[in-house]
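Just below is one structure, and these are the notes that go with it.
Chain letters run A, B, ... following the sequence lines, proteins first, then strands; residues in each count from 1.
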Amino acid sequence: EPEVTQTPSHQVTQMGQEVILRCVPISNHLYFYWYRQILGQKVEFLVSFYNNEISEKSEIFDDQFSVERPDGSNFTLKIRSTKLEDSAMYFCASSEQASSNQPQHFGDGTRLSIL
Amino acid sequence: GESVGLHLPTLSVQEGDNSIINCAYSNSASDYFIWYKQESGKGPQFIIDIRSNMDKRQGQRVTVLLNKTVKHLSLQIAATQPGDSAVYFCAENTGGFKTIFGAGTRLFVKA
């Protein structure tokens, strides 16, 4: 069964540094998403991406964050000038149709630790 | 405001018993609901979904019930197995691209 894959599985970064989290969505999917999960808490929506542009974003997704689909297979989340509170699991997800119509497929996440 | 929450943070059941996990939502405009299962170290995994024009949907060993009058969603797992131990999240979508997750319920299955 096709999977969403994320790399790296664990990223350790010094506060203030930039970090790029990478995702390879399922190949025929058109909608892409990033979520964050702080340890022990619920999964929080960050952003959705369709047709090479952001379709919706949450209040968490401020100017510090950006997303990009640099080629036909990768989908990245960049966090500029990381803060301690950015430490969390970051999940990428994708779906063939919009999330209002079908569930998303999630990767196993990247654990981001900010020191 | 929009929010999805859960009544109980943990649920412990005996293997073979049925499990019921509950969820309350506050956004009456939500029209699509999903249950996800999250095992340790993994991402959320789709279990079952339901649209607001339905009040019940069944899958393999799982049933989702939707009560729009009281804005309540439940997940029933029949004959619970050790492999069902995980955190279960309900999630809602109001028709856009944003899915809102609830707080999660941890299910423990005792052998």
Task: Same apolar cluster: B:Tyr32 and B:Tyr36, side chain cutoff 4.5 Å - done: yes
Task: Which of A:Tyr50, A:Tyr31, A:Phe45 touches chain B most, by non-hydrogen pairs under 4.5 Å - done: A:Phe45
Open item on the list: What's the separation between atom NZ in B:Lys98 and atom NZ in A:Lys57, rounded to the nearest 0.5 Å?
Closed with: 12.0 Å
Open item on the list: With a 4.5 Å cut-off on side-chain heavy-atom distances among I, L, V, M, F, W and Y, is there a chain of contacts connecting B:Val62 to B:Tyr88?
Closed with: yes
Task: chain A contact residues among residues 48-59 of chain B, heavy-atom distance under 4.5 Å - done: B:Asp49, B:Arg51
Task: Closest approach of B:Phe89 to A:Lys42 (non-hydrogen atoms, all atoms of both residues) - done: CE2-CA, 3.9 Å
Open item on the list: Holding to ring-ring contact (aromatic ring centres under 6.0 Å, His included), I want the full list of residues that pass it with A:Tyr90, two or more places apart in sequence or in another chain.
Closed with: none
TODO: Kindly assign one of parallel, tilted or perpendicular to the pair B:Phe101 and A:Tyr35, based on the angle between their ring planes and the thresholds 30° and 60°.
DONE: perpendicular
Task: Neighbourhood of chain B inside residues 107-115 of chain A, taking heavy atoms under 4.5 Å as contact - done: A:Gly107, A:Asp108
- [ ] Return yes if some donor-acceptor pair links the side-chain N/O of A:Tyr33 with the main-chain N/O of B:Phe97 below 3.5 Å, else return no.
- [x] no
- [ ] Not counting sequence neighbours, which residues clear ring-ring contact (aromatic ring centres under 6.0 Å, His included) with A:Phe49? List them please.
- [x] A:Phe75
- [ ] Please say whether more than 12 non-hydrogen atoms of neighbouring residues, nucleotides or ligands are located less than 6.0 Å from CD in A:Glu3.
- [x] no
- [ ] Determine whether more than 12 heavy atoms belonging to other residues, nucleotides or ligands lie under 6.0 Å from atom CD of B:Gln60.
- [x] no
TODO: Test A:Gln104 against every option in B:Thr99, B:Asn93, B:Ile34 by the side-chain contact (heavy atoms from CB on, under 4.5 Å) rule and name the one that passes.
DONE: B:Thr99
Task: Neighbour count >12 (heavy atoms, 6.0 Å) for atom CG, A:Asn28 - done: yes
Open item on the list: Starting from A:Ile54, can I reach A:Ile60 by hopping between I/L/V/M/F/W/Y residues whose side chains sit under 4.5 Å apart?
Closed with: yes
Task: Side chain to side chain, B:Trp35 and A:Pro103, heavy atoms closer than 4.5 Å - done: no
TODO: Evaluate the side-chain proximity of B:Phe46 to A:Gln102: yes if any heavy-atom separation is below 4.5 Å, no if none is.
DONE: no
Open item on the list: Between B:Gln38 and chain A, with a heavy-atom cut-off of 4.5 Å, which part of the residue counts as in contact: side chain, backbone, both or neither?
Closed with: side chain
